[in-house]
Structures are given as structure tokens and as C-alpha cells.
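Worksheet: one structure, shown below.
Each chain gets a letter, A, B and so on, in the order the sequences are listed, and its residues count up from 1. Predicted, not measured: the structure shown is a model, and the values here were computed from it.
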Protein chains: 2
Amino acid sequence: MKRAKQVTIYDIAKNVQVSPATVSRALKDHYSISKETIQNVKKAAKQMGYFPNTPASSLRSKKTNTIGVMVSRINRPFISTLISGVEEVANSKGYHVFIAQSEDMTQKEISNARAMFSARVDGLIVSLAMETHDYGHFDVFLDSGTPLVFVDRVPANMAADKVVVDNYEAAFKMTQHLIEQGCNRIAHFGGAQHRDVYRLRKEGYLAALKQHNLPIDESLMIYSNLGAEEGLEMTQRLFDLPVPPDAIFSANDTAAVSAIQFAKDKGIAIPKELAVAGFNNDRLASIIAPALTTVANPAFDLGKAAASQLFAQREENDMVASNTTVLKTELIVRESSLKKGR
Amino acid sequence: MKRAKQVTIYDIAKNVQVSPATVSRALKDHYSISKETIQNVKKAAKQMGYFPNTPASSLRSKKTNTIGVMVSRINRPFISTLISGVEEVANSKGYHVFIAQSEDMTQKEISNARAMFSARVDGLIVSLAMETHDYGHFDVFLDSGTPLVFVDRVPANMAADKVVVDNYEAAFKMTQHLIEQGCNRIAHFGGAQHRDVYRLRKEGYLAALKQHNLPIDESLMIYSNLGAEEGLEMTQRLFDLPVPPDAIFSANDTAAVSAIQFAKDKGIAIPKELAVAGFNNDRLASIIAPALTTVANPAFDLGKAAASQLFAQREENDMVASNTTVLKTELIVRESSLKKGR
DNA sequence: TTGTAGGCGTTATCAT
DNA sequence: ATGATAACGCCTACAA
């Protein structure tokens, strides 16, 4: 229950003996207002406990100074770091960030998109939910000309701004590394295959197998949401096979770490009997023993790039249809894959 | 650059041949509007691509349906999980959550508080920055009657709603556990001591030492922000002492894990030569080898409780000065402290 | 350099 | 069950 009613520019105007318009301008250091008036206004504003009313300002100016970020869930190191990157750029431009989690449910993503548009965010950055394959809920942003950038989990077959890493190449190199370490029965933990980021990781993996003339065995490819639980289950399934794999390349670190835990639990030697590699380079990867070989995924820079591209969109002329930024990854080789030493 | 101008309730009104007021009511299922009109309005709204203008609605109704959450940083498991708890409750009541990070800087916290108030959030949940010790920037919420709840890192000496765990008791039990394992030179990694949560953990630690007649040695207590880097440095300092400790009780898992890493690196046996205990029960704790003894901190429930208490505040009569909810913790004993077995 | 006045889209009040 | 009207707080042409 509110008590004191809020201070408005009218109150300040009365106090300083100028018009509300002057107050409005003075508070934003408008060039046409005298230094003195600006000082007086600001002093009064402070003393009276004035706080601008953002909704009112947004309504009138059609600018909210807010950008939206939609992700699967924030309690994953990769995602929360990515968001920090977005915030860094946004805050430096005087924008705030509105975050929404889909929990990997398309339905929640749709409702979040609605809420974001209703809030009239000045731009939207999206990393898609695992299962989303219809992108109609983003049309309203395109139609209204609201800047929209996809990052990491981007849509296939949609002309839109995107910021990604070269997942194919990273996966190819990682698989090649495992092959060079002497593995020839390499399993893969993948995410939903209509999600480009996961499809490309699998394709890079397949390409490396082919290039080295290794057989392709469907029973070695398992798909899930790549959570910690799922990682254990997937590993169990692999070791229920008549011939278990001698390596696992997981599309994320969470599941890879579970694989290591499973192996340790069952007395399977890593990397001797089973080499393991992940993707992301979470802190977990360097802490588990043996330390996890993985791909350094530049989460913070992805966030920064996505935000930068969002702001760039507003300046661009309308001829630019779409723009994809690709950031670099790096292979991080640790003990979990070193059968031969370096 | 926006193109199509937005659809408003006026457009719908014209289309359906009713007044804007009726449209407004129909869209919210107002009881006085006929089923038929409601249907017509909603159908037209959908077909015309109508999205309510939240800023306009907020301005007029003085309700934003948004609550703010201010934390140090979201890319920590404890924090992001806590936020998920807040979201669960908030979303179930039709509220959205606005998140701001202080990065443990008081200055940023102050500016975030301003932004939150300007956005006219309907309530605010705060976990304080490490260094904050003046709480004046929250006065405006109290004065205006905006519900305010502190969680985890709560202010000392301030009559306000709080949600915490019993840090003193948890720390006492943990220290006692270390003593029972035969440790008698127990070090402590603490956070800023004006932050209740860290002060109480230290006091619990001290109380346990006293109760067991162990000497108190200031050189064994080190304070920092408890990051991964700091954890290594603090451990280094302990092992530079003439007589290093035989146990470390860290006020969080991050620094505790660093201590284990340091020990492994230097060939110090855990728990034989050095027992280690943390606080929070992050996933890290169960993954590092040896697994980390720690205190299960109910992050998700803290978030849920904070949000529930926030919504409860609005109903309460004004006589209630303040309310503190205390949640349970649990000692999680793992290998890192088991000198004697269980 | 400052003031006047109208309107942003919605909802609350009062009327019918 | 529905309409007319004013107001929420701010911004911005246009005027002075």
C-alpha cells in the first residue's frame, strides 16, 4: 500500500518556478536550458525525492530503454555468463535488460515473447528453447521493426540476425583430436537435432569420422536435453551395448561430467578405457578429475556481440536483410582425452 | 525503426463496433461484459495482432505487474537458483521479474535501486552487495510503501522483511563436525564481516571453537569476496604460516573448491593433512575429488519464500513492523572432511 | 532560453 | 451491459 504520492515534474516546476517542460528538459541536460536552471531543477528534484516515472516516459516517447533477453534457463554457467555480456553492452548505452526463461518449453517461450512485446522492449535477444521449431511468435518483432538478434541457439531457415560460434568446425576438431588419441569407437551425446547448434556439432563429428574412414554407428548417438541426470542415463545406455564406446564427445560439459562420474563409479578408467570430451568449458570442466577436455565457448563475448549487433541494427539501412556473426572457439585439451600424452 | 504502427483498443473498438472502454474490459474478462462481446473482442484482437501496451497500462493503473530482484551476480549457481525460485512464485501470480546485478559494487546497487523504483516495480527483493553498509537507497521503497524483502545477504540493524537461513547454527555444526574429526587448528574463509550472513558464519565457527576449548588464532581467519582466485590466494597465505591449519571452513563452496585444488596441486593430502568444508552445496561440491563437505543452502526455497513474503506484505495490516523467515540448512558430509570415517 | 498545449494508450469513474 | 470522459506523468512540436 503506497502512502506518500509520488513527486512529478509538475511539483518540481512549482518549486523552482519554471514550467514542467523546462523541468523535463533540464533533467536530461537539454542543450537549450541554462546551466543555472539545470542546477536548480536538479537540486530541487533531488531534495524532493523525485524519481522519473519510466512507464509514463516510455508511453510518451515510445522508447523503454530496455532490451529483452530470452533464454532457456539462467542457472547454467554458459547462459548466465552470456547474459552478463549482454548487460555490459546494454548498460554502457543506458539500457536495462529484461530476462525471461523458457525452461526449454516452447509454450513458455511464446508467452514470454508476448510479454516482451507488450513491454515494448527496444530490442530482443533470443536463445531458443530446445524444442522450438516454429518461429511465428517472433514475427511481431520483425513486422514492427523491433531489432531482433538470435544467439547460440538460433533458428534454422530464418533470415534473421544471428551470433554463433562455428559449431561444425569445433566438433570436427574435437572428434579428430579423439581419433588422433587412438579412439575408433566414438559416441556422441547430442541435443535436439532441429536446433542448429546441436545438429552442426553432430555433423562435425560425423564428418571427422568419415574423413578418417571410421564406421558410423547410430547406436552410439544419443539425444537428450543434456542435463546432469540425462548424462548418467545416456552413459548407462552406452555401456549396456554389446560393444561399448572407447570415447564420448558430448555436446555440453554438463553431460560430459556426468559421463566421467559414471565411469569413475563403475571403475572404468579415463581416459584409458574411455576418453571423454565436452563443450563449453564451464568451471566444472577444469575441476573434475580427470579434468575434462572441452571446447572453449566464448559465452561473454557471444552476449556482447549479440547486444552490439542489436544496437547496430537500429542504425542500419533497410537493405540489409540479415547478418550472421561467427565467433571463435578453442580446443581445450585436458586429461580426460589424453591417451597418448600431448 | 518501427514501421507498422501498433494496434490499440481504439482500433479494436472500431472493428467490433463497441467503445474502447468495453474493449478494455472485455480483454480482461470483466464480469459486466457479455460473453458474446468478450468473444468478439478477443477474436478481433487476435486477428488484428493486438498486444497490450504495458507502459500505458502501468501508467494509468499504477501497477506494473513486475517485481524487481537485485543480486550481486547471476552467474553463480546459488544466486541463479534463488532467482528461479522467485520466478516460480511471481509467474504463478502473473508477475514478471526484473533482474539487476550489482557485481558487488555498492554504487551499482544504488543506481539499480533507482532504476527499479523509476520502473515502478510492485515489489523488490534484494540480496545485498558485499560492501554495502548504508541502506539509504532503499528508503524510497519503504516511504512509498512498496513491498521490500531482503534475502540471504540481508542488512544488519534494519527493521525490514528478511528471509535467511540460520547461518550461525550451520557454521557451528560444521565446525563441530571438523573438531569431531580430530581437527584442532581450523582456519576460516570469511566474506565481508558487516554482511550478516558472513559474520554469523564466523561467529558460529568461533562459538564451536570456544565450546571445545580450542585456541582462537586471528591469523587463521581470512576475508575476501570468496571468488575462485581469492580462494587460491587465501590458501596460499595459510600455508605460508609457520604452522598451517589442519582444516579450512570456507563460507562458500567456490573458495573451498579452490582450497582443494591448491592442496592437490601441492601434494597436501585431503582430508588427512587438511580437511575442507564449504557452504552452499553447489554442483561443484559433489563433483570435485575428494567430494566437498558442505552445508546445503536451500537457494530455490529462499527465492520462493522471499517472493511469497513479498506478496504477503501487500495484504498485511500496517501494524506488522517486520518479519524474518528462517529456512533450514543441512550438513552434507563428504570425503573432504572425513578423517575418521563416519 | 523558456512556455503552451496536446497527446501517447490505457483504465477508472460516473453516467446511461 | 455499455459509453463518455478524464486522467495517469511525461515529452515535444510550436510558439514566444
Side-chain angles (χ1 to χ4, degrees), chain A residues 2 4-42 44-45 48-66 94 115 117-122 144, chain B residues 2 4-42 44-45 48-66 94 115 117-122 144:
Chain A
K2 313 262 179 181
K5 72 171 185 308
Q6 68 174 304
V7 179
T8 73
I9 55 172
Y10 280 79
D11 302 319
I12 300 175
K14 229 173 282 176
N15 190 308
V16 188
Q17 308 265 42
V18 293
S19 76
T22 301
V23 172
S24 173
R25 292 176 183 124
L27 288 172
K28 340 192 101 57
D29 293 304
H30 192 280
Y31 67 96
S32 77
I33 304 293
S34 76
K35 290 244 183 281
E36 202 195 331
T37 306
I38 291 184
Q39 267 200 345
N40 292 339
V41 167
K42 286 192 173 171
M48 300 171 72
Y50 171 77
F51 287 83
N53 185 312
T54 313
S57 168
S58 299
L59 170 59
R60 179 58 238 244
S61 65
K62 294 184 175 307
K63 275 211 57 190
T64 54
N65 286 301
T66 299
F117 189 82
S118 288
R120 299 300 192 265
V121 293
D122 293 330
S144 66
Chain B
K2 313 264 179 180
K5 72 170 183 311
Q6 68 175 303
V7 179
T8 73
I9 54 173
Y10 276 83
D11 301 319
I12 301 176
K14 228 172 285 174
N15 191 310
V16 188
Q17 308 266 45
V18 291
S19 77
T22 300
V23 173
S24 173
R25 292 179 185 122
L27 289 171
K28 335 191 106 56
D29 292 305
H30 192 280
Y31 68 95
S32 76
I33 304 293
S34 74
K35 291 246 184 277
E36 201 196 331
T37 307
I38 291 183
Q39 267 201 344
N40 292 338
V41 166
K42 286 192 174 170
M48 300 170 73
Y50 170 79
F51 287 83
N53 185 310
T54 314
S57 170
S58 299
L59 170 59
R60 179 61 239 239
S61 66
K62 296 188 176 306
K63 275 211 57 190
T64 54
N65 285 302
T66 298
F117 190 82
S118 288
R120 297 302 191 266
V121 293
D122 293 330
S144 66

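- Heavy-atom neighbours of Lys14(A) NZ from other residues, nucleotides or ligands within 6.0 Å: at or below the threshold of 12.
- Along DNA chain D, the stretch of nucleotides lying under 4.0 Å from any heavy atom of chain A spans, 5' to 3', dG9(D) to dC14(D).
- Using a 4.0 Å cut-off on heavy atoms, the residues of residues 18-25 of chain A that approach DNA chain C are Val18(A), Ser19(A), Ala21(A), Thr22(A), Arg25(A), listed by number.
- Counting non-hydrogen atoms under 4.0 angstrom, Ser32(A) reaches a base of the nucleic acid.
- Between Val23(A) and Val16(A) there is no side-chain heavy-atom pair separated by less than 4.5 Å.
- Not a single donor-acceptor contact under 3.5 angstrom links the side-chain atoms of Arg60(B) to the base of dT10(C).
- The residue Thr37(A) sits close only to the backbone: its heavy atoms come under 4.0 Å of sugar-phosphate atoms, none of a base.
- Closest of all the heavy-atom pairs between Ser58(A) and Thr64(A) is OG-CA, 3.5 Å.
- At least one side-chain heavy atom of Arg120(A) sits under 4.5 Å from a side-chain heavy atom of Pro55(B).
- Atom pair Asn53(B):CG and dT10(C):P shows a separation of 6 Å (rounding to whole Å applied).
- For the pair His30(A) and Tyr10(A), nearest-nucleotide mapping onto DNA chain C gives the more 5' position to His30(A).
- If you check every strand for non-hydrogen atoms under 4.0 Å, Lys28(B) touches sugar and phosphate atoms only.
- Within the structure, a side-chain polar atom (N or O) of Tyr50(B) is placed less than 4.0 Å from OP1 or OP2 of dT10(C).
- In this structure a side-chain-to-backbone donor-acceptor pair under 3.5 Å is present from Thr54(B) to Ser118(A).
- The distance between atom CG of Leu27(B) and atom P of dA12(C), rounded to the nearest whole Å, is 13 Å.
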